[in-house]
Amino acid sequence: MPEWISIIIRSIILITVLFFFVKWLGAKQLSQLNIFETISGIVLGGIAAFHTVDPYNSFYYALLAMFVWFIAAFTIEKLSLKSKRIRDFTDGKSTVFIQNGKVMEENLKKEGYSTDDLLEKLRNNDQFLVSDVEFAVLEPTGELNVLPKRENRPITLKDLNIAPAPDKEPQTVIADGNILLEPLANASLNPTWLEAELEKQNVTIDNVFLGQVDHQGQLFLDLYDDHIAVPEPAQSALLLASMKKCQADLELFALATDNPQAKELYDRNQKRLQEAIRRIEPYLK
Amino acid sequence: MTVGSQVKTCYATLKSIEAGLDLLHASTTEQDLKTTIDETSQLIKIARQDIHQQIIHIDKQEPQYKS
C-alpha cells in the first residue's frame, strides 16, 4: 500500500475516533475546561496528529493510546460529577477576594493576585471603587464575579414594588411561509386559529416570512412583500385605551352635572373603572 | 350632542369593554390573567348596570330628546 493511501485512511479513521471521543467527553467550552480536561484534549489531538503523518508507526498503538487517555479523562469526569471532594481536586475551588466589603489579603496572596490585578478584574465588572463591592469571588476558571452593595445594584421591579404580569416566551409559528406546528402547540393554539388570524389581517401564508405569537396570543407578521402594511397587534392596547376613555368621560360627567345624585353616581362608577384599570393594566401592556 | 347621548356613548363603550374582556378571557390559558379578567369585568358590569339606570332616568326627564 503506498504511503499516501495509508495516510488518507489513517486520517479518516482518526478523525472519526477523535470526533466520537470528544463528543462523549461532553460539550464544554474551552474556557470552562479544568486543567486535566485541557491536557487530555491536547494529548488526544496530539496522538491523532502524530500518527496521521507517520506511516511507520503502528496504527493500533495510536488507537490504544487514545483509548487509554479517553478512558482516564472520562472516568475522572464521571467521578467528579459524583463526589464533591474529587471535584474540588480536579476543578479547583473558588477563592473569596472581598467579603463584607473587606479585601481578603491572604487569599489574594495565595492566588498570586496583586492589588492592580484585583482592581483590573473589578473594573472588568464595572466596579471602580472597592467600597462599592460587597462580595467578590475568584472562580476556578480565573473569572472574578462581583456582588455590588445593595444600594449599587441595578433597580428591579421588586424594588419598586411593582407586580409585573407573568411573561411567557414568544413562539415563532411561521417561518419562510411554513406553519411550525410544535411552537404553535406550545402556545396552545392550532392551525385553524392561525388561518383565521391571517385572514383577519388579509395576507396569505406564502407571503409571510416570519410570524410570532406573544404572551397575550397576539400575532406579529413580517411579510416578504414589504409594501403591504401589516397592522401591529393592538387589541389589548385598544381595550385599555377605551377603558381609560370611558373613565375620563364619567369623570367629566360628574364634573358637568349639577344634580348631586347624578354626580354621586358618575363618581362612583368612575372609581370602579379606575379600580378595574389598575387591576388589568399590567396584563394589557 | 346632548348629555343623554353622551352618556349613551359611554354606556356603549362599557359594553364593548366587557366584550373585549370576555374575548381576552376566552383566548388566554393563563389562570392568573383569567382571574384578573373575572374581577375586572365584574366591576365593569356593575358600572354598566348603574349607568343604564341613569340612562333610563335621563330619558324620563326629557323625553323629547329620547333616541
Side-chain angles (χ1 to χ4, degrees), chain A residues 163-168 185-189 193 196-197 213-219 234-254 256-259 261-284, chain B:
Chain A
D167 203 0
K168 269 200 215 151
N186 286 342
S188 30
L189 298 166
W193 171 85
E197 278 299 304
V213 175
D214 70 3
H215 63 284
Q216 290 171 346
Q218 298 187 106
L219 182 68
Q235 291 162 22
S236 52
L238 209 66
L239 185 62
L240 189 63
S242 61
M243 281 175 89
K244 280 183 177 162
K245 181 184 175 296
C246 206
Q247 188 259 335
D249 278 350
L250 286 170
E251 222 174 330
L252 209 67
F253 297 156
T257 181
D258 287 332
N259 180 348
Q261 233 174 342
K263 207 186 217 15
E264 206 269 326
L265 179 130
Y266 291 135
D267 201 46
R268 189 169 66 216
N269 288 310
Q270 180 262 110
K271 288 211 177 91
R272 279 192 188 121
L273 266 175
Q274 219 161 27
E275 172 65 14
I277 292 170
R278 194 188 59 78
R279 283 200 193 164
I280 201 97
E281 195 166 21
Y283 293 95
L284 295 184
Chain B
M1 209 153 75
T2 61
V3 171
S5 61
Q6 274 175 7
V7 176
K8 272 175 198 154
T9 317
C10 185
Y11 175 69
T13 318
L14 278 172
K15 264 194 190 166
S16 122
I17 291 169
E18 225 182 319
L21 285 172
D22 278 351
L23 199 68
L24 205 62
H25 188 278
S27 65
T28 187
T29 49
E30 270 173 61
Q31 211 48 52
D32 261 17
L33 182 53
K34 269 190 198 283
T35 22
T36 314
I37 290 174
D38 280 340
E39 291 164 10
T40 317
S41 71
Q42 197 57 39
L43 279 168
I44 302 282
K45 195 178 167 196
I46 297 168
R48 179 174 61 83
Q49 285 162 352
D50 227 2
I51 298 290
H52 189 61
Q53 293 305 316
Q54 179 68 8
I55 286 174
I56 294 170
H57 182 65
I58 289 173
D59 278 348
K60 265 189 206 156
Q61 269 183 332
E62 298 189 45
Q64 67 270 36
Y65 292 117
K66 192 176 178 194
S67 53

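Side chains included, hydrogens not; waters and symmetry mates left out as well; all remaining heavy atoms used. Chain A is the first sequence line, chain B the second, and so forth, proteins listed ahead of strands; every chain is numbered from 1.
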Top contributor to chain B contacts, counting heavy-atom pairs under 4.5 Å, from [options]:
| options | result |
| --- | --- |
| A/K271, A/K245, A/R279 | A/R279 |
| A/E275, A/Q261, A/R268 | A/R268 |
| A/I277, A/L252, A/I280 | A/I280 |

A/A262: partners by side-chain contact (heavy atoms from CB on, under 4.5 Å), with sequence neighbours left out |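 So A/A262 forms a side-chain contact (heavy atoms from CB on, under 4.5 Å) with A/T257, A/N259, A/Y266, B/Q54.
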Report the option among [options] that has the most heavy-atom pairs separated by less than 4.5 Å from atoms of chain A.
| options | value |
| --- | --- |
| B/T9, B/D32, B/I58 | B/D32 |
| B/T36, B/I37, B/L14 | B/T36 |
| B/V3, B/L33, B/T13 | B/L33 |

Portion of B/Q6 that has a non-hydrogen atom of chain A nearer than 4.5 angstrom | both
Could you tabulate the donor-acceptor pairs under 3.5 Å formed by side-chain atoms of residues 15-26 of chain B, not counting sequence neighbours?
{"unit_1": "B/E18", "atom_1": "OE1", "unit_2": "B/R48", "atom_2": "NE", "d": "2.5"}
{"unit_1": "B/H25", "atom_1": "NE2", "unit_2": "B/D38", "atom_2": "OD1", "d": "3.3"}

Output, in order, the C-alpha distance, side-chain angles, deciding distance and verdict of side-chain contact (heavy atoms from CB on, under 4.5 Å) for A/L265 and B/I51.
-> CA-CA 8 Å; A/L265 179 130; B/I51 298 290; 4.3 Å; yes
Kindly check if the number of other-residue, nucleotide or ligand heavy atoms within 6.0 Å of NZ (A/K263) is above 12?
-> yes
